[in-house]
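These numbers were taken from a predicted model, which means no experiment stands behind them.
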Amino acid sequence: VTEAILVAASRRMVPTQSLLLAARARIRASLAVTSDGASHLAIGRDAADAALRLATRHSLAWHEFGALHAHAVLDEAEGVDHGWAARASNLHARLVPPALDPDPLTTVELRRAARKAAERETAPDWYARSLEERGLAGAAESGSGGRPGGTLDLADVFGPVTAAPAAIVDQWRQEQHGPHGLAAVIGLSPAGPLDFDIVRHGPHILIAGAAGSGKTELLRTMITALAAAYPPDQVTFLVANNQGELGDLQQLPHTVGMLADFDPHLAHRMMTSLATELLRREQNLRHAGASDIDQYAAARRRDPQLPLVPRLLLVLDEFSVLARAPAVGPGLLNIARRGRSLGVHLVLATQLAPGDFLHPFQPHLRLRIALRLATPEQSAEVIEAGDAADILAVTPGRGYAYFQRCVRTPFQAAWAGRHPEALGRALRLAVRQLDIPEPDRPLLAPLPDLLQMDELPAPAPGREIAPVAFGLED
């Protein structure tokens, strides 16, 4: 302390010098209790007097209080009362108004926690109000067909998704002449039905939610709603789900691939297929003189002979597990960077907090959805706020949509249930009625374990010596 006092004095650091002198006085007071009291008390008094002189000379009110308090501590060590404690108390009363909170940060946190608890217990839930205003409270309460109670069927929000093929044909014809985009309703927000547009809000989406939060069901709702709104010559889906929970989406004519096993070999095969798909799209755009997918779609309307290139949604459930396979992470990042112009969009879903592996993707994930998450920190990584940690486990599908890192909207996802099965039949009839060509399937099936000779292609007729097929090339 002595050396610090000398440095502060030589550099004319008056406030620091006064604080250090008061500290020396308090140290001497504590030493006086255990050793030679008179010597320590004398040195302490000199230090406190010097601190007080500096503080009063330079009008440092709080430093003056510190010096007075140091004298009061010395009084206590000496066992006397020279009035220093009273002087310190009077000065403190003048400096601190009676209504001033001594620990405002703690008070704010306590009030915030109490307000949230009161809102959960007494305030009417926005979802309940929205249901009541739209006359849907009864529909939400009567969960049926496996639908959790309190959630809405997709048909209640979107409309009759199992409509007759004629109604689907009318919907698709309207979209063929509508604005470029891929918008669909996925649930209910305080302002009404919540829709997202992966073209306008994307180009890519992150969905994070703990186990049981409704993450996989939200993916099913999202894909089902898009399939009902747009024909497969405008949008297709390639779905990867490690547990096969989204297998019913194969019945949609839009689904061009399904990966139900995150085996490293199959994951590598998928990424190789997608790299080829990106190359094919680049070649088609270059041949048509188009710089992006929208210009190519306009060119194809003028020349229907151009190859069909619909937008492709690559839906990866538990992609953090898939990304551990070699080359998958870099391959997905390549798609994130090039996908916007080529019409390839990532929908990345995970139970885990995003973590370091997601940081390279962050600039491209302009639409983020947080369902229930374990901690405020995990929630903040997704939507830059801790609100998703307050979602109750009894409300699967409840979450926050964060649009372009500026608008944060609470919502309740609709429940698609078994709609893909019934909708698939109607969609296939609509495809035949409109004579929509079958889209390319970028994810090719692996070679069979066993191949019979009669499964090989027949030799071309009319040749004197026909080639002999003896195997199947991958």
Side-chain angles (χ1 to χ4, degrees), residues 116 119-120 123 125-131 136 140 143 147-154 156-158 183-198 201-202 204-226 241 245-246 313 315-320 346-354 358 362 365-417:
K116 284 195 171 186
E119 288 174 355
R120 283 196 293 266
D125 181 69
W126 69 260
Y127 183 54
R129 291 198 305 271
S130 296
L131 293 176
L136 297 172
R147 174 166 57 88
T151 60
L152 279 177
D153 192 279
L154 181 59
D156 294 323
V157 181
F158 180 81
V185 174
I186 59 172
L188 193 63
S189 74
L194 177 71
D195 66 341
F196 79 100
D197 187 330
I198 196 168
H201 297 140
H204 311 296
I205 302 176
L206 171 66
I207 301 175
S213 63
K215 171 177 55 63
T216 301
E217 187 58 42
L218 174 59
L219 292 175
R220 178 180 285 107
T221 294
M222 186 178 293
I223 294 172
T224 302
L226 284 169
N241 173 253
E245 296 173 289
L246 296 173
L313 263 65
V315 182
L316 305 179
D317 194 9
E318 295 307 335
F319 89 101
S320 57
L346 296 174
V347 181
L348 306 178
T350 179
Q351 284 188 24
L352 305 175
L358 192 64
Q362 295 283 18
L365 298 169
R366 299 177 65 198
L367 172 55
R368 306 179 189 182
I369 294 175
L371 303 175
R372 178 175 53 83
L373 289 167
T375 65
E377 291 75 20
Q378 290 182 358
S379 174
E381 282 193 71
V382 182
I383 59 172
E384 300 183 2
D387 298 359
D390 296 326
I391 297 174
L392 301 179
V394 295
T395 55
R398 189 70 58 89
Y400 290 86
Y402 194 30
F403 294 95
Q404 300 178 342
R405 304 188 72 175
C406 60
V407 178
R408 194 178 298 109
T409 303
F411 76 99
Q412 173 66 48
W415 190 81

Side-chain heavy-atom pair [X], [Y] within 4.5 angstrom cut-off:
| X | Y | answer |
| --- | --- | --- |
| Ile198 | Leu367 | no |
| Leu392 | Thr395 | yes |
| Phe403 | Thr409 | yes |
| Arg398 | Leu371 | no |
| Glu381 | Leu373 | no |
| Leu206 | Ile369 | no |
| Asp195 | Ile186 | no |
| Ile207 | Leu218 | yes |

Looking at [X] and [Y], what are the two nearest heavy atoms and their distance?
| X | Y | value |
| --- | --- | --- |
| Arg372 | Gly212 | NH2-C, 3.6 Å |
| Pro376 | Ala389 | N-CB, 3.4 Å |
| Ala388 | Ser379 | N-OG, 3.0 Å |
| Pro193 | Val185 | CB-CG1, 4.0 Å |

Calculate, to the nearest 0.5 Å, the distance between atoms [atom1] and [atom2] belonging to [X] and [Y] respectively.
| X | Y | atom1 | atom2 | answer |
| --- | --- | --- | --- | --- |
| Thr350 | Phe319 | OG1 | CZ | 5.5 Å |
| Ile383 | Tyr402 | CD1 | OH | 8.5 Å |
| Ser189 | Gln412 | OG | CD | 11.5 Å |
| Leu365 | Ile205 | CG | CD1 | 9.5 Å |
| Thr224 | Glu217 | OG1 | CD | 8.0 Å |
| His204 | Arg368 | NE2 | CZ | 12.5 Å |

Test side chain to side chain donor-acceptor pair (under 3.5 Å) applied to Asp317 - qualifying residues, sequence neighbours left out: Lys215, Thr216, Asn241

Centroid separation Phe196 to His201 less than 6.0 Å: no

Between Arg220 (side chain only) and Glu245 (backbone N and O only), is there a donor and an acceptor less than 3.5 Å apart? yes

side-chain contact (heavy atoms from CB on, under 4.5 Å), that's the test. Do Leu188 and Leu194 meet it? Break it down for me. CA-CA 5 Å; Leu188 193 63; Leu194 177 71; over 6 Å; no

